Amino acid sequence: MPVTEPVLTRRIPTAPWGDPRDRRIIGYDEYVRTGGYETLRRALTMDPSSLVQTVKESELRGRGGAGFPCGLKWTFLPPPDGNRRYLAINCDEAEPGTFKDRLLCDYDPHLVLEGIAITCWACRLDTAYFFIRGEYHHQAKIVERAIREAYEKGVFGGRGLMQACDFKVDCHMHRGAGAYICGEETGLLEAVEGRRGWPRLKPPFPAVKGLFGRPTIVNNVETLAAVVPIVDRGAAWWKSMGTASSIGAPGSYGPKLMGVSGHVNRPGVYECDLGIPLRKLVDEFAGGMRAGRRFKGAIAGGVSMGILGPDQFDAEMDFDIGRRYDVMGLGTACPTIFDDQTDMVAVARNISRFFSNESCGQCTPCREGAQWMYRLLCRIEEGDATTKDLDLLNELAGSMGIIPGTTICGLADGHNWAVRTILNKYWAEFAGRVKPSYHGLTVSAGRADGVSSARIVGATGA
Amino acid sequence: MSDPPPPTATIDGRVVPVRAGATILSVAAQHGIDIPTLCHADALAPEGGCRLCLVEIDGQRPQAACHTPIAPGMIVRTTGDRLRHTRRSLLSLMRAALPADAVRPDPAGTRFERLLAAYDVPAEVASSAPRPAMDESHPYMRFDRSKCITCRLCLNACEQVQGQFVYGIEGRGGAARLIYGPTDRFADSACVACGACVDVCPTGAITDRDRVPSGGARSDRAVDSVCGYCGVGCRGHVESADGIVLRVTGVRDAAVNRGHLCVKGRYAHAFHHSADRLTTPLLRDRGGGFRPATWSEAIAFAARRLLEIRDRDGADALGTMTSSRSTNEAAYLLQRLFRSVIGTNNTDCCARVCHSSTAVALGLVTGTGAATASYADLEEAGLLVVAGANPTEAHPVVGARIRQAALRGAALIVIDPRRIELAAYADVHLPAWPGSNVVLFNALAKVLIEEGLCAESYVAGRCEGFDELRAFLRRQSLDGMATVTRVPPDLVRKAARIIGSRGPGLFISGLGLSEQTQGVAGVMAYCNLGLLTGSLGRRGAGMLPLRGQNNVQGNADMGAQPYALTGYLKPDDPQVQARLRAAWGAAPPAEPGMTIPEMYDAAVAGRLRALWIQGEDVAQSDPNTTHVLRALESLDLLIVQELFLTETARRAHVVFPAASVFEQDGTFTNGERRIQRVRAAVPPPGEARPDWEVIRDVARAMSGRDGRWAFTRPSEVMDELAQVAPHLFGGVSYARLGADGLQWPCPDADHPGTRTVHADGFVRGRALLMCVEYAPPQDATDGSHPYVLITGRVLDHYNVGTMTRRTPSAALVGQDDLELHPEDAARLRIHDGARVRITSRWGQAVAPARLSRRMIPGTVFLSFHFPQTQTNRVVGPYTDPTSRCPDYKVVAVALSPAEEAAT
């Protein structure tokens with residue numbers, strides 16, 4: 001079912017329900033005046049485990065990119081033992097083309113803070129670290145002011161609201177220093193602990209051993225914001241929006257913030273139901289393609305998810321998108337739209353440059369391979385490459401990531417999928433830029449219909 | 001009913017048992033299946049970055065074996081075409097990131113080079129990376145960046161073994177590079193040169209500079225032996241060629257050090273082939289100089305003069321100081337010579353001037369004057385208290401383990417006037433004013449008792465004197481005590497509550513407790529804390545004094561004490577007398593002999609006429625140097641066994657050239673009572689001989705070839721020791737010592753040795769809680785001597801530096817510095833590096849100032865490693881009344897800029 005009213009954007013005027021020019025920061029008083037913190041007040045009268053149950057029943061899937069069921073993640077926590085338990089809020093929104101969490105921070109920070117407080121109560125967590133990317137200077141100030149207000153008004157710090165139930169939550173802001181890898185949940189934990197943001201080996205998972213060796217839940221900003229309406233209006237209401245899975249996977253329910261960028265008339269964040277076709281999102285929300293241009297492709301949701309080809313404009317934006325359209329997944333549901341004048345080789349080169357800059361350097365294939373891929377793509381773009389280089393590029397990309405087992409975290413998978421899906425879905429564009437290799441035809445024909453062969457399972461993987 | 005079969009998994013077709021928590025890599029290794037790695041080392045946490053150890057698992061994607069737990073039913077393949085291809089790609093990527101000529105595939109090369117060869121990575125590579133310059137700034141380690149693959153084994157070893165956190169990674173992605181401080185110079189880094197990183201580096205990027213460069217001589221001989229520096233007793237693997245030690249590495253599975261060493265044990269070995277080693281016996285000639293002599297001449301001279309003086313002045317006119325640097329066998333024979341052939345108990349050793357107070361106090365409290373715990377307890381203790389010790393500098397391998405324990409979460413309390421390195425890791429640091437140990441420990445005990453934090457059943461069942469102690473402490477106020485210790489009462493309460501709630505604990509101490517005029521009292525008050533927390537006689541807890549020298553424990557054990565015989569037997573016990581008469585041919589006198597300070601006094605007074613000093617430069621190491629020199633110069637006969645012509649040896653009548661730690665066989669006993677084998681790695685230079693052989697020959701010359709002195713090898717000495725003191729050593733023999741030796745007591749041949757003493761009850765029955773009254777230091781500060789001087793060691797040198805100054809360590813630290821607080825420096829108008837004159841009531845010294853907030857204002861610190869400083873001229877004559885241990889830790893001094901004073 002489609003979304004019929006703004007949910008997460010209730011206080012943030014957004015088309016089609018409101019005019020973005022009316023947006024302003026919602027302070028504590030206005031938030032409360034419009035029903036804010038009522039849900040928290042009610043939640044505090046409820047048994048925490050029933051709240052976890054509600055979120056579980058809503059089938060809320062994480063909004064940070066991986067889509068892991070939120071309620072299930074919460075149940076991985078061991079029972080409280082009297083010592084510290086943490087919530088880490090992932091606001092390291094560093095994926096190129098993704099800017100949906102920024103909207104919440106910019107205008108309605110108390111919605112996120114209410115979600116934090118409810119989650120801490122539900123999961124019995126006592127300390128929250130709000131990890132915000134370094135580049136979000138402005139947002140950091142807004143959220144920090146909101147946290148201060150929340151302390152003053154007794155949301156945090158164990159006074160006011162929380163005093164009655166003898167529960168104290170502290171919330172601290174931690175600003176990143178400009179590294180994409182700190183958005184990886186364990187890289188984020190390392191960074192909060194004051195170390196280099198290198199992902200940790202798993203297991204143990206954060207729910208068991210996270211911040212400072214203690215049980216920790218890591219949730220995305222939008223996920224936490226979604227907890228408020230779910231607790232307020234119930235799981236059944238939440239599931240009335242969105243769609244069930246068409247392939248027997250967990251469903252894609254509720255509204256979702258979708259940030260549209262690229263060659264559209266009205267780029268921006270829109271709140272839609274999961275499952276909306278990309279064409280509808282572009283035409284009805286984002287004002288359609290730029291005049292006279294045709295759709296050439298779209299990054300599904302953050303560059304690491306790979307690309308939707310020219311014939312995939314009708315792809316449904318839900319968590320099944322990966323399996324159905326040869327991309328890695330829905331990601332953050334923030335598509336970047338390319339029109340027919342886009343040079344896809346340049347797109348691949350640009351994305352590769354991002355990943356080789358952002359590789360943390362921990363695992364050999366990502367540290368070294370990323371640079372090789374970037375150099376190869378530069379060479380292809382400049383017309384100095386041969387067909388053999390395309391082979392090498394494809395093999396190199398396919399050998400990198402968690403899926404082939406060669407890295408600790410998924411950063412290299414993103415690089416792998418972005419480059420390989422572009423390469424395979426726009427094969428002719430690449431093939432036209434390279435000279436034939438003198439070492440025999442090794443690539444050519446078989447890859448021209450490479451979209452289906454791009455069902456990448458990893459070069460060495462099972 | 002039979003137990004269900006243990007769960008299994010399959011690796012390369014072999015069925016292997018599954019252990020909970022074990023990784024695929026470790027299980028495979030146990031079954032001889034080699035999985036290649038470049039970022040893994042057994043003792044370190046998995047890093048997981050190199051990805052070479054990828055394996056295939058049925059039903060899963062490929063996983064890294066180093067950090068993937070093995071699970072029941074898993075079917076794992078470690079080889080195959082696809083894995084080989086992946087590994088080859090990974091190796092090629094690493095190789096391609098390095099300069100073209102940096103590494104080559106080599107089946108006999110480094111771990112990286114061997115893998116390049118095994119996976120057929122081409123030798124030629126198109127790499128444009130420039131070759132950076134080698135960092136050779138450090139005397140012991142070099143770094144070749146062109147070989148570094150940023151595997152981070154060095155970083156992990158530095159953090160997880162040494163706890164020094166020298167290394168970091170700078171930049172990210174392909175720009176990631178290893179750094180070690182703000183510059184690309186090891187010499188400027190925080191590195192303490194323990195060498196742990198060198199041992200794990202898989203590419204040869206970090207290497208030892210004491211190695212012969214590749215392509216040079218390979219070692220032709222290797223033995224496992226024991227380090228000759230501090231009392232930790234690390235086992236080292238000593239490789240040599242052509243009679244010169246090439247390198248020392250930690251023995252990987254050694255019980256004491258588990259492969260770890262410190263800068264001294266690993267690198268400071270060059271002294272043994274120093275050009276100024278003594279290579280021939282020396283006799284004083286008529287002109288006052290020395291002339292070389294033959295061994296038979298020198299031995300005959302020594303034997304004749306010893307007998308003459310004994311016959312002329314009586315046996316008690318002779319005395320000896322055995323060496324804590326030499327072997328048990330040498331110490332045993334030398335005290336036996338004096339006790340049986342000459343007939344005096346004037347036998348002492350340098351334990352007198354270091355841990356004698358500790359031994360006396362522990363003996364009084366428990367019945368045994370040695371550590372009750374072992375180093376293995378460092379890993380098991382939930383609470384560690386470190387008092388008057390600076391282990392990260394003076395006992396680095398133990399210091400590193402204390403730091404690791406604190407990092408793991410054990411509670412750590414540090415009690416020291418200086419903010420030593422460990423203070424940064426401590427829950428509480430109590431900077432007690434020098435000389436106030438007794439009061440501080442009493443204050444802690446008072447809080448423990450008055451807040452009900454004591455181990456009540458332990459105290460009731462195993463101790464005596466609790467009521468008296470409680471009454472004694474009730475009469476004192478914490479505020480009053482704080483005026484002496486200058487530690488705020490709240491801090492004392494906080495520390496006591498941690499001790500009480502986290503105990504039983506391991507109570508570690510050093511010379512900061514022992515070398516005081518209230519040394520014995522301080523250690524007894526410290527023992528009170530151990531007893532009140534129920535720590536003595538428990539695993540993971542107890543008293544652990546850190547012994548300063550490689551064999552200082554052994555020297556006391558062997559009987560190098562004037563009031564106790566071999567194995568701490570009492571000289572006036574008729575049974576002991578009878579046993580020794582049978583073994584030695586003559587029993588020692590029942591009366592105790594003289595301690596070292598008493599021997600100096602007797603020499604100056606003319607009562608002591610002959611002295612045999614084995615391997616100790618007392619002219620530098622003992623306090624009140626002026627007095628010591630006068631004593632040495634008053635003697636009719638001074639025999640010195642030495643490696644070098646030290647200040648003491650210069651005053652000798654006969655000098656015997658000695659074998660160093662690398663040149664003789666025998667045993668050392670470390671601070672946890674562990675008797676370990678020392679093995680010769682190289683022959684002694686020239687005619688130098690092991691001490692024990694020389695003593696035997698002098699004894700034979702004196703006693704008319706007595707058959708009781710017919711030892712042909714050191715193991716025979718040990719066999720006699722087992723008979724003489726069976727209660728401690730009855731089960732000790734070279735055949736049983738094995739790799740890791742035995743910890744005494746080991747009374748019979750089936751006894752496994754003792755890790756925890758007093759586990760089944762105290763040797764003296766019940767342990768004594770002592771009411772210890774405070775007495776102010778005798779060398780009191782006043783208007784003319786307003787500062788308190790503390791003396792001690794620094795990491796890179798060892799005691800008076802006879803050995804370490806003759807190694808490249810001199811390039812690390814080349815002088816003694818006077819540490820003082822910037823506030824004091826400002827008041828005295830002394831800037832950092834300026835020369836300062838330090839004047840006490842006993843003498844003066846000059847040293848450059850180093851401004852340091854480690855000090856409490858009003859206190860200064862000076863090491864004593866360099867002869868030009870003459871630190872011990874400043875230290876006074878005061879000693880503990882019971883142990884006779886000198887007070888090196890509280891000396892009242894005046895400070896002034898040296899230039900000014902010189903004009």
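Here the structure is a predicted model, which is why all the values come from computation and not from measurement. Excluded from the calculations below are hydrogen atoms, water molecules and symmetry mates; all remaining heavy atoms, backbone and side chain alike, are included. Naming convention: chains lettered A, B, ... in sequence-line order (proteins, then strands); numbering from 1 in each chain.
In this structure, A:Gln362 CD and B:Cys39 SG are separated by 9.0 Å, a value rounded to the nearest 0.5 Å. Note that OG1 of A:Thr406 is 11.5 Å distant from CG of B:Leu52, once rounded to the nearest 0.5 Å. Note: B:Glu47 CD to A:Cys363 SG = 8.5 Å, rounded to the nearest 0.5 Å. The distance from atom CZ of A:Arg367 to atom CZ of B:Arg51, rounded to the nearest 0.5 Å, is 12.0 Å. The distance from atom CE of B:Met94 to atom CD of A:Glu368, rounded to the nearest 0.5 Å, is 8.0 Å.
For A:Arg353, the CZ atom counts as loosely surrounded, since its 6.0 Å shell holds 12 or fewer non-hydrogen atoms of other residues, nucleotides or ligands. No more than 12 heavy-atom neighbours from other residues, nucleotides or ligands sit within 6.0 angstrom of CG on B:Asp81.
Within the 4.5 angstrom heavy-atom criterion, only side-chain atoms of A:Gln371, from C-beta onward, approach chain B. For A:Cys366, no part lies under 4.5 angstrom from a heavy atom of chain B. Neither the backbone nor the side chain of B:Ala175 comes within contact range of chain A; no heavy atom of the residue lies under 4.5 Å from a heavy atom of that chain. Looking at B:Ile169, the atoms closer than 4.5 Å to chain A (heavy atoms on both sides) sit in the backbone and in the side chain alike.
Ranked by heavy-atom pairs under 4.5 Å with chain A, the list B:Ala45, B:Cys50, B:Ala64 is led by B:Cys50. Of the listed residues (A:Ile402, A:Ile181, A:Leu411), the greatest number of heavy-atom pairs within a distance under 4.5 Å of chain B belongs to A:Ile402.
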| task | May I have the step-by-step check of side-chain contact (heavy atoms from CB on, under 4.5 Å) for B:His85 and A:Glu395, ending in yes or no? | result | CA-CA 12 Å; B:His85 179 77; A:Glu395 188 195 326; 2.9 Å; yes

| query | Stepwise, does the side-chain contact (heavy atoms from CB on, under 4.5 Å) test hold for A:Trp198 with B:Arg152? | reply | CA-CA 12 Å; A:Trp198 278 12; B:Arg152 301 178 298 285; 2.9 Å; yes

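When all heavy atoms of B:His67 and A:Lys202 are compared, the closest pair comes out as ND1-O, 4.4 Å. Of all heavy-atom pairs spanning B:Pro62 and A:Pro404, the tightest one is CG-O, 3.4 Å. The minimum heavy-atom distance between A:Arg196 and B:Gly171, with the atom names listed, is NH2-O, 2.6 Å.
For the pair B:Pro46 and A:Leu201, the minimum side-chain heavy-atom distance is below 4.5 Å.
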